[in-house]
> 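One structure, pasted below without further comment.
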Protein chains: 2
Amino acid sequence: MTGQVRTVDGRVAGRRGQATRQKLLDCLSDMLSSSPYRDVKVIDVARKAGTSPATFYQYFPDVEGAVLEIAEEMAKEGAQLTDLVAGRSWVGKSGWQAAEELVDGFLSFWRKNDAILRVIDLGAAEGDKRFYKIRMKILNAVTNSLTESIQELQGRNKVDKEVNAAAMAGSIVAMLAAVAGHQKGFQSWGVKQAELKPNLALLVHFGITGKKPTK
Amino acid sequence: MTGQVRTVDGRVAGRRGQATRQKLLDCLSDMLSSSPYRDVKVIDVARKAGTSPATFYQYFPDVEGAVLEIAEEMAKEGAQLTDLVAGRSWVGKSGWQAAEELVDGFLSFWRKNDAILRVIDLGAAEGDKRFYKIRMKILNAVTNSLTESIQELQGRNKVDKEVNAAAMAGSIVAMLAAVAGHQKGFQSWGVKQAELKPNLALLVHFGITGKKPTK
DNA sequence: TCGGTAAGCTGACGGCATGACAGGACAAGT
DNA sequence: ACTTGTCCTGTCATGCCGTCAGCTTACCGA
């Protein structure tokens with residue numbers, strides 16, 4: 001489907017063009033990490049990439065458009081998050097382990113991509129459907145797996161039927177995302193990474209199984 | 001201490017000045033609700049307030065400065081969130097009720113102020129200390145109360161000593177804030193408000209007491 | 001009533017980002 | 001060398017930013 005990268009005016013991008021395009025994306029990514037979203041200007045990105053603003057506009061309609069592109073790249077990489085949930089057992093000791101690994105994987109993924117993720121979060125919260133969609137794409141992998149896990153446990157009468165699997169899964173994922181997004185905040189508040197994780201894992205485990213974990 | 005409102009160039013604002021200032025804040029608040037943060041321009045705010053950009057700069061150093069002002073206002077109003085936690089009993093039925101009311105109060109507060117809150121969240125996530133500080137001010141009321149509640153339960157051996165009260169309280173509050181910020185998202189994802197609340201309350205209750213609630 | 005003083009507002013300006021276009025540079029094939 | 005299509009940039013009109021000098025308005029004491 002998207003086999004060909006195209007410029008704004010419809011041309012097909014070749015080798016060189018794709019390289020420039022990628023460079024622009026990388027530089028934008030850097031900028032997002034180092035300065036507030038509101039202050040990221042096309043001209044700065046272009047300068048940093050050693051090119052001109054006009055070139056930027058050849059490949060992207062605007063800054064948002066480019067951000068979405070980066071997000072799309074990241075979403076692919078984020079698909080691996082599913083492995084943190086799918087096919088895991090949530091009973092006994094392995095349940096606790098699963099919870100710990102989920103928390104761990106989530107936090108490190110977020111830490112690695114925090115700049116773009118927080119822009120996506122903003123866009124989604126502001127009601128932009130494109131951002132919302134991509135946010136779903138990243139989180140859905142985990143959310144859906146979690147929802148299924150809960151439903152499966154409900155089927156075996158291990159979890160209260162009153163629990164709405166989707167709402168619970170969504171809440172857990174939202175929590176992970178939020179905490180991950182404010183990791184630095186927690187630290188400067190006196191809570192260390194190492195202390196954060198087990199507590200999160202505890203909440204995750206309970207949310208899914210409805211029980212305290214056996215460690 | 002801050003009995004007098006001052007303009008950027010040091011003058012003391014009188015009746016009329018304060019009115020203009022407030023009008024600008026109100027208009028900015030409106031703008032934030034209706035258009036992306038990135039696109040909010042000083043000139044639009046000024047126009048909407050029936051004044052000129054120069055006037056805006058008389059009262060605020062920049063858009064961020066004005067946002068912080070709005071946030072400060074809101075923080076005062078948000079102090080009442082403490083009542084949702086302080087002096088509550090977390091055992092038995094009243095514990096479940098407390099959890100439900102906390103969730104309810106939190107969600108509605110967030111819904112009422114979502115536009116500013118999401119800007120604050122962004123600023124905090126980007127590492128801006130001023131935004132982080134105001135975010136703390138709003139959330140600390142709840143977080144501290146929760147931390148104390150947990151510690152108190154730990155003192156009575158009702159909660160596992162392994163639990164880090166601050167980390168747990170912070171996680172719970174972060175979750176509430178995140179879910180609150182994406183309420184619309186949940187809805188369009190097929191999860192209804194009414195279904196969301198009890199599941200959140202469940203997680204909150206467990207996080208604080210370490211137990212399933214008795215309803 | 002009448003200045004005097006400080007508050008309040010704005011027109012205007014240099015500076016910079018935006019976004020569009022036309023045209024020049026370049027690489028590849030013939 | 002010539003053609004073709006990709007790739008990049010100089011340039012320009014437009015619009016926002018942030019500041020200043022200067023004008024208007026309100027208040028106050030004589």
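Chain letters run A, B, ... following the sequence lines, proteins first, then strands; residues in each count from 1. In this text, all values refer to a predicted model and were calculated from it rather than measured experimentally.
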> Return yes if some donor-acceptor pair links the side-chain N/O of B:N199 with the main-chain N/O of B:E195 below 3.5 Å, else return no.
yes
> Counting only heavy atoms and a strict 4.0 angstrom limit, can you tell me which residues of residues 45-64 of chain B come near DNA chain D?
B:R47, B:A54, B:Y57
> Would you say the side-chain atoms of A:T20 pair up with the backbone N or O of A:R16, donor to acceptor, closer than 3.5 Å?
yes
> What residues, two or more places apart in sequence or in another chain, satisfy ring pair (Phe, Tyr, Trp, His ring centres under 6.0 Å) together with A:Y57?
none
> Let me know which of B:V85, B:L81, B:I150 forms a side-chain contact (heavy atoms from CB on, under 4.5 Å) with B:S145.
B:V85
> Over 60° means perpendicular and under 30° means parallel, so classify the ring planes of A:F60 and A:F56, tilted if in between.
tilted
> Calculate the interatomic distance between B:D9 atom CG and D:dG18 atom P; express it in whole Å.
16 Å
> Which part of the nucleic acid, if any, lies within contact of B:T7, taking any heavy atom under 4.0 Å across all strands shown: a base, the sugar-phosphate backbone alone, or nothing?
nothing
> Before you tell me yes or no, could you show the steps for A:R88 and A:E101 under salt bridge (Lys or Arg N to Asp or Glu O under 4.0 Å), namely the whole-Å CA-CA distance, both residues' side-chain angles and the distance that decides it to 0.1 Å?
CA-CA 11 Å; A:R88 303 256 170 164; A:E101 284 173 18; 2.4 Å; yes
> Checking B:Y132 side chain against B:G123 main chain: does a donor-acceptor pair fall under 3.5 Å?
no
> Between A:N164 and A:A167, is there a donor-acceptor pair closer than 3.5 Å when you use the side chain of the first and the backbone of the second?
yes
> C:dC9 C1' sits how many Å from B:K23 NZ, rounded?
14 Å
> In whole angstrom, give the distance that lies between atom CZ of A:R6 and atom P of D:dC7.
12 Å
> Please list, in numerical order, the residues of residues 35-43 of chain B that have a heavy atom closer than 4.0 Å to any atom of DNA chain C.
none
> Look at all strands and tell whether B:R11 reaches a base, only sugar-phosphate, or nothing, counting heavy atoms closer than 4.0 Å.
base
